[in-house]
Number of protein chains: 2
Amino acid sequence: MEETPARLTAKPSWLLTQLAVHAHRLSSDGFGEMGARGYHFRILAALDEFGAASQAELGRRCNMDRSDVVAAINELAEQGFVERTPDPDDRRRNMVTLTEAGDRQLRRIDQALDQVQDDLLGPLPAEDRQTLTRLLARLLTHHQRGEHRQPTTRAGRASSLPRSTRSTGGTASGRRMQQ
Amino acid sequence: MEETPARLTAKPSWLLTQLAVHAHRLSSDGFGEMGARGYHFRILAALDEFGAASQAELGRRCNMDRSDVVAAINELAEQGFVERTPDPDDRRRNMVTLTEAGDRQLRRIDQALDQVQDDLLGPLPAEDRQTLTRLLARLLTHHQRGEHRQPTTRAGRASSLPRSTRSTGGTASGRRMQQ
DNA sequence: CCTACATCGTTGGCGCGTCCAATGAATATC
DNA sequence: GATATTCATTGGACGCGCCAACGATGTAGG
């Protein structure tokens, strides 16, 4: 069948992102069967492991944007998996709580995901699986550090230019800028 | 800072997809500077390596949907990086050709991506980089094989459900068929 | 020849994940 | 108290991966 350009297959970033596509599909198939998606699982997991939390905290723990937490919590609440109640101690916050049904849902998803790991790592022997996991974890840790561009408390200008400045002007519509 | 749930960090699928996010961001930052995106690079790479091709063929090589190829070619043509001409031998097809400007653009992107690989693999020593690449390549190959569920010519297999009901279908999950 | 069928390009649409900007309420800091 | 910060929410954007359907064209079979 048609070959893929070596310029792609030779690059770790290609291997990684393409394999991630497969991982994502396997996962989606997994919890898609119970009407969930990635964001739901993340939040349920965080609530289970750390207890009730504000939405902002959930976002920090799960690497999600606040606004996406809002939507996910809406959906989870509709399904009865979490409850959203105002925090009396800080009226800006919502306390998000895991319900029993939510706990059950979490376990179901988690189980489905265990199977997914196996499908994903498919042909690798145990040792290689461990090696791969270790290397990935190491890189991920590396890339997450230094990601908390803290506003520095106290006037720490970070020259946050919207930075649309694109060179080859052309027609394009480049965007990007993640802080 | 806030911890991430172990239910997530313990899963290879999580490590993979999250790291892919970083890889994707690094890449985007890379060619975003020249008004390109992933799809563009894939197509330029395929044209450079295998010569002029039809859009369908490009889609097969680059793991892209035909419809997405259309859009990408539109954009590349606007920028003068490829030319789209009808194929006289088969009037269904378009021959897509790489221009000189396109070739230069490809080289620019490719160079930027080399830097990206280095940033991505950051703290890993050469040996680990190699190991990781090898494992990823192996898994990717594994997951790409068996993806060409061919309609078998004659009489349609595949009950082709609207794609949600994919219930306990067991492993297979009737996957795609790109190619 | 004529009828199926497959392929190609195109349009239009969906879902998911990631992100940003801006608003209004509440709180923290000075 | 004035200012800055945090929080939830809305509304939007973009990339990537898909799918369905169309009309035009090409290929096989009977």
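Every chain is numbered from 1, with letters handed out A, B, ... down the list of sequences. Just so we're clear, the structure is a prediction, and the values are computed from it rather than from any experiment.
In this structure, the CZ atom of A:Arg37 is 10 Å from the P atom of C:dT18, given to the nearest Å. Atom pair A:Phe41:CZ and C:dC16:P shows a separation of 17 Å (rounding to whole Å applied). Atom pair B:Glu2:CD and D:dT6:P shows a separation of 12 Å (rounding to whole Å applied). At whole-Å resolution of the value, CE in A:Met64 and P in D:dT9 are 13 Å apart. Separating the CG atom of B:Asp89 from the P atom of D:dG26 is a distance of 10 Å, rounded to the nearest angstrom. Rounded to a whole Å, the CG atom of B:Asp87 is 14 Å from the C1' atom of D:dA24. Protein atom NE2 of A:His143 is 16 Å distant from nucleotide atom P of C:dT18, rounded to whole Å. In this structure, B:Asp29 places its CG atom 13 Å from C1' of D:dG15, rounding to the nearest Å.
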Please evaluate residues B:Gln117 and B:Arg129 with respect to the criterion side chain to side chain donor-acceptor pair (under 3.5 Å), reporting the C-alpha separation (whole Å), side-chain torsions for both, the decisive distance (0.1 Å), and the verdict. CA-CA 10 Å; B:Gln117 307 311 309; B:Arg129 294 184 180 203; over 6 Å; no
Intermediate values then yes/no, side chain to side chain donor-acceptor pair (under 3.5 Å), A:Asp119 and A:Gln115: CA-CA 6 Å; A:Asp119 293 348; A:Gln115 178 58 48; 2.9 Å; yes
Please report the C-alpha distance between B:Arg108 and B:Gln105 in whole Å, then the side-chain angles of each, then the deciding distance to 0.1 Å, and finally whether the side chain to side chain donor-acceptor pair (under 3.5 Å) criterion is met. CA-CA 5 Å; B:Arg108 271 193 300 269; B:Gln105 171 82 334; 2.8 Å; yes
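Residues A:Asp87 and A:Arg91 are not paired through a salt bridge, judged by the lack of any N-O separation under 4.0 Å between the basic side chain and the carboxylate. Taking a cutoff of 4.0 Å between a charged side-chain nitrogen and a carboxylate oxygen, A:Glu57 and A:Arg93 do not qualify as a salt bridge.
In this structure, A:His24 reaches the C:dG17 phosphate: one of its side-chain N or O atoms is under 4.0 Å from OP1 or OP2. Checking the phosphate oxygens (OP1, OP2) of C:dT18, a side-chain nitrogen or oxygen of A:Arg42 falls inside 4.0 Å.
Positionally, the nearest nucleotide of DNA chain D for A:Ala71 lies more toward the 5' end than for the other of A:Ala71 and B:Pro88.
In this structure, A:Pro12 and B:Leu121 approach most closely via the heavy-atom pair CG-CD1, 3.9 Å.
Residue contacts shown for B:Val69 are absent, as no nucleic acid heavy atom lies under 4.0 Å away.
Picking from C:dC19, D:dC18, D:dT25 the nucleotide with the shortest atom distance to the side chain of B:Arg91 gives D:dT25.
Remark: A:Glu49 pairs with no residue by the salt bridge (Lys or Arg N to Asp or Glu O under 4.0 Å) rule, at least two apart or across chains.
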Pull out every protein N or O sitting under 3.5 Å from an N or O of nucleotides 8-12 of chain C, one pair per line with the distance.
residue: C:dC8; atom: OP1; partner: B:Arg60; partner atom: NH2; Å: 3.1
residue: C:dC8; atom: OP1; partner: B:Arg93; partner atom: NH2; Å: 3.3
residue: C:dC8; atom: OP2; partner: B:Arg60; partner atom: NH2; Å: 2.7
residue: C:dC8; atom: OP2; partner: B:Arg66; partner atom: NH2; Å: 3.3
residue: C:dG9; atom: OP1; partner: B:Gln55; partner atom: N; Å: 3.0
residue: C:dG9; atom: OP1; partner: B:Asn94; partner atom: N; Å: 3.2
residue: C:dG9; atom: OP2; partner: B:Ala56; partner atom: N; Å: 2.5
residue: C:dG9; atom: O3'; partner: B:Asn94; partner atom: ND2; Å: 3.2
residue: C:dT10; atom: OP1; partner: B:Asn94; partner atom: ND2; Å: 3.3
residue: C:dT10; atom: OP2; partner: B:Gln55; partner atom: OE1; Å: 3.0
residue: C:dT10; atom: OP2; partner: B:Gln55; partner atom: NE2; Å: 2.9
residue: C:dT10; atom: OP2; partner: B:Arg84; partner atom: NH1; Å: 2.8
residue: C:dG12; atom: O6; partner: B:Ser67; partner atom: OG; Å: 3.4

